[in-house]
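One structure below.
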Amino acid sequence: MDTIQIKDKQFTVSIREQDIQKEVIRVAHEINRDLAGKNPLFVSVLNGSFMFTSDLLKHITIPCELSFVKLASYQGVSSTGAIKEVLGINEEISGRTIVIIEDIVDTGLTMQRLIETLGTRGPEEIHIASLLVKPEKLKVELDIRYVAMEIPNDFIVGYGLDYDGFGRNYPDIYTVVD
Ligand code: IMP
């Protein structure tokens, strides 16, 4: 499927499943190499990163734990800036190496806020692993250690990402047609 329709918008395929997988595996190998012996706690940000998390973790070969948080900052196609934490983490954070798994860093405000929140619980270090980054949209200084792909400033869906709740199920990534 090269084009899809979601509600009022048309999207065209921009990153194919096999290209996504190649980059996800590369990131997993980097994490295996860098964090060996650190017993990291992966913190996956729902809902958007569920597919990335699943594919990434299949290629993590070092001992690790996985937890999920749910945050919301996006409605429709533009960031509202307001972030609310819905689900928390029960695992011990103090002294741990934390790797946040995010679907996409846009303005960076969501990541900044999550790092602040986790930081109050005494982790040894916090890294970000993001499937996608829109470098042109970044509003805050953020050290994103693991990035699968950088993309232009266009709205996308698929591979976990949604438009008003729809489109998360596609294995490819689609860009909105203006
Ligand atoms: P930020 O706080 O502006 O960095 O927004 C990050 C969140 O906005 C991501 O976790 C996504 O849920 C959402 N988001 C940003 N860009 C897109 C997009 O192009 N499509 C779908 N969701 C997006």
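Numbers here simply count residues along the sequence, with the first being 1. Every heavy atom of this structure was used, including side-chain atoms; hydrogens, water molecules and symmetry mates were not. Remember, it's 1-based here, ligands and their atoms both numbered in the order they're listed.
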Enumerate the atoms of ligand 1 whose separation from the nearest heavy atom of T110 is less than 4.0 angstrom.
->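 Per the distance check, 1 (P), 2 (O), 5 (O), 6 (C).
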Numbered atoms and elements of ligand 1 in range of D162, under 4.0 angstrom, heavy atoms |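 Taking each heavy atom of D162 in turn, ligand 1 has 21 (C) under 4.0 Å.
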Relative to ligand 1, is M111 under 4.0 angstrom through side chain, backbone, both or neither, heavy atoms considered?
->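 For M111, there is no contact with ligand 1 at all, from either part.
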Is it true that [Y] and [X] share a donor-acceptor pair across their side chains at a distance under 3.5 Å?
{"X": "D154", "Y": "T175", "result": "no"}
{"X": "E91", "Y": "S67", "result": "yes"}
{"X": "Y159", "Y": "N169", "result": "no"}

Does an N or O from G108, backbone or side chain, lie closer than 3.5 Å to an N or O of ligand 1?
->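 Yes, since at least one N or O of G108 sits under 3.5 Å from an N or O of ligand 1.
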Report yes if some N/O of I156 lies less than 3.5 Å from some N/O of ligand 1; otherwise report no.
->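 N/O-N/O distance below 3.5 Å exists for this pair.
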Listed partners of Y174 passing ring pair (Phe, Tyr, Trp, His ring centres under 6.0 Å), at least two apart |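 In terms of ring pair (Phe, Tyr, Trp, His ring centres under 6.0 Å), with neighbours along the sequence ignored, Y174 is linked to Y170.
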Could you tabulate the donor-acceptor pairs under 3.5 Å formed by side-chain atoms of residues 36-47, not counting sequence neighbours?
residue : atom : partner : partner atom : Å
K38     : NZ   : E125    : OE2          : 3.1
S44     : OG   : S49     : OG           : 3.2
S44     : OG   : T53     : OG1          : 2.7
N47     : OD1  : K70     : NZ           : 3.4

Is any NZ, NE, NH1 or NH2 atom of the basic residue among E116 and R113 found under 4.0 Å from an Asp or Glu carboxylate oxygen of the other?
->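 Between R113 and E116 there is no salt bridge, as every charged N stays at least 4.0 Å from the carboxylate O atoms.
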May I ask which of [options] has a heavy atom nearer to [atom] than the others do?
{"atom": "atom 10 (O) of ligand 1", "options": "D103, T175, V45, L109", "result": "D103"}
{"atom": "atom 22 (N) of ligand 1", "options": "L46, T107, L161", "result": "L161"}
{"atom": "atom 16 (N) of ligand 1", "options": "K134, R113, Q112, E102", "result": "K134"}

